[in-house]
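Notes for the one structure printed next.
The shown structure was predicted, so the numbers you read here are calculated from the model rather than taken from an experiment.
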Amino acid sequence: MDKVAVIEDDRPTSDQLAGWIKAARPELEIHQWYDRDSAEAALARERYALVVLDIELGRERHAGVAIINTINKLHQGTPVLVVSAMPAAIYRSIMKALDAWDYLQKTTFDEPEFVETFLDILRSARAQRGAEPAPDDDELSLDPLWQRSPTWRGQRINLPLTAQRILAVLVQHKGQTVSYEDLFEVVKSGRNRDNVRKHVSAIRDAFRDLDPAFDAIENVPMRGFRWSR
């Protein structure tokens, strides 16, 4: 039986998240922890299939950062979904740099979005246990299920799951125009052109952090985007 840890100091919030998980996947064993010390002790004992984690725990403003570092030392590759009140615009990239798999900002999501994000991560983590990343071209490597740790010229690209899905669709259809409508299929929420453009902009920025000359994603006016390498 897979085990999931919910690390959240606010007990009603912890119970709500645990309840959503249990309703979606009754077979999972859920452990709830409310402070850094008990969470780190549990991580030393258990191997969790997924960790749902708040950043602030009690009076420790960045306890979640320390816990992610502990996870990376003890069980590298354990997926972490951060659920925090900290502004997503600031903290999402920070958490991704620490190897968290995704970030949800409290009060901005509902049960369906949480459950969909949780299950996406759980499925990709299970699939990844038996699948190694395969190269899609000479420079870019993507997970076979389009979910985890793309690399560019050997360096990991920090991208949220939705951005990874968009990138994978573009690469899968390299040299062809991928329409906005086709890209809507891999966007969980905000299925409109402005939102897709924001995701593509984030993808470009992530590549250019590693390669300032990156220009592989072309705009196709009024239609969509194309991977041109």
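A pairwise comparison of heavy atoms in K3 and E46 identifies NZ-OE1, 2.7 Å as the closest pair. Taking every heavy atom of both residues into account, S228 and E218 meet most closely at CB-OE2, 3.3 Å.
Residues L50 and L28 are not in side-chain contact: their nearest non-hydrogen atoms beyond the backbone lie 4.5 Å or more apart. Considering only heavy atoms from C-beta on, L53 stays 4.5 Å or farther from V83 through its side chain. I203 has its side chain within reach of L159: a pair of non-hydrogen atoms, C-beta onward, lies under 4.5 Å apart. In this structure, I67 and I71 have side chains that are in contact, with non-hydrogen atoms separated by less than 4.5 Å. Proximity of H199 to T162: side-chain heavy atoms (C-beta onward) are separated by under 4.5 Å at one or more points. Here the side chains of F225 and V196 are in contact, with some heavy-atom distance below 4.5 Å. In this structure the side chain of V178 never reaches within 4.5 angstrom of the side chain of R223, judged on heavy atoms. D102 places a side-chain heavy atom less than 4.5 Å from the side chain of I121.
The CG atom of L57 lies 12.0 Å from the OH atom of Y34; values are rounded to the nearest 0.5 Å. Expressed to the nearest 0.5 Å, how far CD1 of I21 lies from CD of E29 amounts to 13.0 Å. Going from atom CD of Q164 over to atom CG of L167 covers 8.0 Å, rounded to the nearest 0.5 Å. Atom OH of residue Y48 and atom CG of residue L43 lie 6.5 Å apart, to the nearest 0.5 angstrom. Distance check: D35 CG to I7 CD1 gives 9.5 Å after rounding to the nearest 0.5 Å. A distance of 10.5 Å separates CG of L140 from CG of L170, quoted to the nearest 0.5 Å.
Counting non-hydrogen atoms of other residues, nucleotides and ligands closer than 6.0 Å to NZ of K198 gives a total of 12 or fewer. Applying the 6.0 Å contact sphere to CZ of R45 captures more than 12 heavy atoms from other residues, nucleotides or ligands.
With R156 contributing its side chain and T151 its backbone, the two residues share no donor-acceptor pair below 3.5 Å. Using modelled atom types, no side-chain atom of E8 and backbone atom of D54 make a donor-acceptor pair closer than 3.5 Å.
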**Message:** Could you go through V51 and V4, starting from their C-alpha distance and side-chain angles, then the distance that decides it, and tell me whether this counts as side-chain contact (heavy atoms from CB on, under 4.5 Å)?
**Reply:** CA-CA 6 Å; V51 175; V4 171; over 6 Å; no
**Request:** Starting from the C-alpha separation in whole Å, work towards a yes-or-no answer on ring pair (Phe, Tyr, Trp, His ring centres under 6.0 Å) for F118 and W20.
**Result:** CA-CA 10 Å; F118 176 90; W20 289 351; over 10 Å; no
**Asked** Could you walk me through whether I157 and L210 pass the side-chain contact (heavy atoms from CB on, under 4.5 Å) check?
**Response** CA-CA 8 Å; I157 310 164; L210 305 177; 3.9 Å; yes
**Prompt:** Under the salt bridge (Lys or Arg N to Asp or Glu O under 4.0 Å) criterion, do R193 and E181 qualify, and how do the steps go?
**Reply:** CA-CA 9 Å; R193 294 192 175 203; E181 289 72 20; 3.5 Å; yes
**Request:** Decide yes or no on side-chain contact (heavy atoms from CB on, under 4.5 Å) for I55 and R61, but give the supporting numbers first.
**Result:** CA-CA 7 Å; I55 297 174; R61 183 172 176 81; over 6 Å; no
Could you tabulate the donor-acceptor pairs under 3.5 Å formed by side-chain atoms of residues 12-19, not counting sequence neighbours?
unit_1	atom_1	unit_2	atom_2	d
T13	OG1	D10	OD2	2.6
S14	OG	Q32	NE2	2.7
D15	OD1	Q32	NE2	2.9

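The aromatic rings of H31 and W33 stand perpendicular to each other, their planes meeting at an angle above 60°, with 30° marking the opposite boundary.
Side-chain polar atoms of N195 and R197 form no donor-acceptor pair below 3.5 angstrom. Using modelled atom types, one finds no donor on one side chain facing an acceptor on the other under 3.5 Å when comparing E60 with H62. No side-chain donor from either of D120 and T117 sits under 3.5 Å from a side-chain acceptor of the other.
Remark: N219 pairs with R204 by the side chain to side chain donor-acceptor pair (under 3.5 Å) rule, at least two apart or across chains.
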